[in-house]
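Whatever order the structure lists them in is the order used to number ligands and atoms, beginning at 1.
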Amino acid sequence: MTALLPTPTRTLADRWGRVADDLRISLIDKCNLRCTYCMPAEGMVWLKKNELLTAEEAVRIADLGVRLFGVRDVRFTGGEPLVRQDLADIIAGVRKLHPEVPISITTNGINLDKRIDSLVEAGLTRVNVSLDTVDRETFKKLTRRDRLPQVIRGLEAAKASGLEPVKVNAVLMRGINDTGAADLLEWCITRGYQLRFIEQMPLDADHNWARRNLVSGAEVRERLSQRYDLSVDPVPRGSAPAQLWEVRAKDSAPDSPVLGKVGVIASVTESFCAACSRTRITADGKVRSCLFSQEETDLLSVLRSGASDDEVAEVWAGAMWNKPRAYGSDEVTLNDPEYVQPDRTMSAIGG
Ligand code: SAM
Ligand code: SF4
């Protein structure tokens, strides 16, 4: 599919030999859930409308990424991207310029059932829906909203639209939904969704993250192995953050049918920073070279100053050149006591 993408004239390279070709654009900081690992219960200060990327600006950034820098994947996220009523227009704008580029969204699934047809028609090719539990009470506790049925309707609609694979992202929180990992996998396998567990990262508004509470990728595998046999997916992982595992019935023969695959994204305990290919733009148009970075580069002001494509590209490339080695720093890692959590939460960065 990517064979027909334009030939890039530049790269988003950094000082550590990595080249970013995976673009995530956050479209909004607002959200209709309040997941405890992401947002505070209340008190978020939202960006003003004129501080947000307009649809045209989001399309221009995606176009520059694909055309000049060889971006191979464009993902829209947030906050909650479906809160943007012009999401289909943005996708259609990128699709018109780049018929071949994969365009995806990461969403909590609320109202996806009402929007999916127009998004697919606009050119959406993939969807990830975040869902941490299928127990309604636990969902309410985790997201601080009683909206599980709406998320399930969104997932069903995504499946019915023919998008493949429909991925489900889950974060496990100790004492809340960690014991439900195998139930969630069974639920996803039965319905044909590809589940991926993401280790909780220190990007929550309440600053409650603690390593001792972390449900690690190893623990996730252990929990799933109590119900299923897992074996490493034979397809090479490449630079993908998720290690995929084939799932078979418990104590079955090695050649028994694969029931499905499950991904484990061990961003904290099995760092993949050395293979990171991400470049992120926040909803207010800042380049963020790393999720954990303390530094951002204002691309929106450059766009709004009437800069040429080359001028915008130069600022973007400069910001990426300074991408830190790992976890927002060249020196400190998440394990060091000096590690400082970024001010912005995951919802404000764009996960
Ligand atoms: N609202 C959309 C959603 O929830 O899918 C898109 C934005 S959300 C910030 C993107 C992804 O980041 C979700 O899958 C969410 O579970 C994940 N996420 C948020 N906070 C996180 C954290 N502290 N650690 C790990 N993943 C996190
Ligand atoms: Fe909203 Fe997504 Fe953050 Fe949950 S993870 S609060 S759905 S932005």
Side-chain angles (χ1 to χ4, degrees), residues 24-44 46-47 75-84 87 104-112 115 126-133 139-148 150-151 154-155 158 166-174 176-178 184 188 193-211 213-217 220 241-242 263-272 278 280-283 288 291-292 327-328 334 341-351:
R24 298 204 161 192
I25 302 179
S26 173
L27 294 175
I28 192 155
D29 53 339
K30 286 187 180 155
C31 185
N32 39 22
L33 296 181
R34 290 288 180 281
C35 304
T36 52
Y37 49 73
C38 180
M39 278 197 170
E42 47 199 45
M44 282 294 281
W46 308 118
L47 292 167
R75 176 172 295 271
F76 294 108
T77 179
E80 176 44 50
L82 292 179
V83 170
R84 285 277 299 235
L87 179 60
S104 53
I105 56 170
T106 303
T107 168
N108 64 26
I110 293 173
N111 295 325
L112 187 59
R115 308 276 295 277
R126 281 193 233 136
V127 62
N128 286 29
V129 177
S130 301
L131 176 63
D132 308 312
T133 174
F139 183 94
K140 205 164 135 187
K141 200 165 160 189
L142 235 158
T143 65
R144 302 182 177 112
R145 300 286 187 272
D146 185 16
R147 297 208 171 139
L148 177 63
Q150 286 155 270
V151 177
L155 263 168
V166 173
K167 293 186 183 172
V168 170
N169 290 356
V171 177
L172 292 183
M173 301 283 283
R174 188 163 310 285
I176 302 178
N177 64 336
D178 51 339
L184 186 59
C188 287
Y193 307 135
Q194 192 188 104
L195 177 62
R196 298 130 38 95
F197 289 98
I198 309 173
E199 281 182 354
Q200 190 201 352
M201 295 178 272
L203 295 167
D204 58 314
D206 297 331
H207 289 232
N208 279 334
W209 186 90
R211 181 172 270 273
N213 285 334
L214 181 71
V215 182
S216 68
V220 172
V264 178
I265 304 181
S267 350
V268 178
T269 61
E270 297 164 43
S271 154
F272 39 82
R278 299 263 162 86
R280 293 171 191 276
I281 308 290
T282 63
R288 233 184 132 92
L291 255 183
F292 297 89
Y327 298 123
L334 288 186
Q341 181 172 335
D343 291 337
R344 286 212 205 218
T345 62
M346 191 69 149
S347 62
I349 299 167

Report yes or no: does [X] contribute a side-chain atom to a donor-acceptor pair with the main-chain N or O of [Y] at less than 3.5 Å?
X      : Y      : value
Asp29  : Leu47  : yes
Arg84  : Leu27  : yes
Arg147 : Ile110 : no
Glu80  : Leu33  : no
Arg196 : Val264 : no
Asn177 : Val171 : yes

Task: Part of Thr106 within contact of ligand 1 (heavy atoms, under 4.0 Å) - done: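 The answer is both, backbone and side chain.
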- [ ] Could you see which bit of Thr107 sits under 4.0 Å from ligand 1, with heavy atoms only: side chain, backbone, both or neither?
- [x]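 It is the backbone that gets close, since no side chain atom is under 4.0 Å.
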Which protein non-hydrogen atom lies closest to [atom], naming both residue and atom, and how far is it?
atom                    : result
atom 19 (C) of ligand 1 : Met346 CG, 3.2 Å
atom 3 (Fe) of ligand 2 : Cys38 SG, 2.4 Å
atom 8 (S) of ligand 1  : Gly78 O, 4.4 Å
atom 5 (O) of ligand 1  : Ser130 OG, 2.6 Å
atom 21 (C) of ligand 1 : Tyr37 CD1, 3.6 Å
atom 2 (Fe) of ligand 2 : Cys31 SG, 4.4 Å
atom 26 (N) of ligand 1 : Val171 CG2, 3.7 Å

Under 4.0 Å to a heavy atom of [X] - the qualifying atoms of ligand 1, by number:
X      : value
Asn169 : 14 (O)
Met201 : 22 (C), 23 (N), 24 (N), 25 (C), 26 (N)
Asn108 : 2 (C), 3 (C), 5 (O)
Thr77  : 6 (C), 7 (C)

Open item on the list: Tell me whether ligand 2 is touched by Ser130 - counting only heavy atoms on the residue side and a distance under 4.0 Å.
Closed with: no
Open item on the list: Which residue is it: Leu142, Leu148, Thr143? I am looking for the one with a side-chain contact (heavy atoms from CB on, under 4.5 Å) to Arg145.
Closed with: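 Going through the options one by one, the only one that passes is Thr143.
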- [ ] Indicate whether any N or O donor in one side chain lies under 3.5 Å from an N or O acceptor in the other, for Ser216 and Glu199.
- [x]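 The answer is no; no qualifying pair exists.
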Task: Atoms of ligand 2, numbered as shown, that sit under 4.0 Å from any heavy atom of Gly79 - done: 8 (S)
Open item on the list: I'd like to check which ligand 2 atoms, numbered from 1 as shown, lie under 4.0 Å from a non-hydrogen atom of Asn108.
Closed with: 7 (S)
Task: Atom pair CG (Leu82) and CZ (Phe76), whose distance is rounded to the nearest 0.5 Å - done: 12.5 Å
Task: Options Lys30, Glu80, Met173, ranked by nearest heavy atom to atom 2 (C) of ligand 1, top entry - done: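 That would be Glu80.
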Non-hydrogen atoms of [X] and [Y] that approach each other most closely:
X      : Y     : answer
Gln200 : Tyr37 : NE2-CB, 3.7 Å
Ser26  : Gly79 : OG-N, 4.5 Å
Thr106 : Arg75 : OG1-NH1, 2.8 Å

Open item on the list: Taking only non-hydrogen atoms of Gly79, do any sit less than 4.0 angstrom from ligand 1?
Closed with: yes
TODO: For atom 4 (Fe) of ligand 2, decide whether Cys35 has an N, O or S atom at a distance under 2.8 Å.
DONE: yes
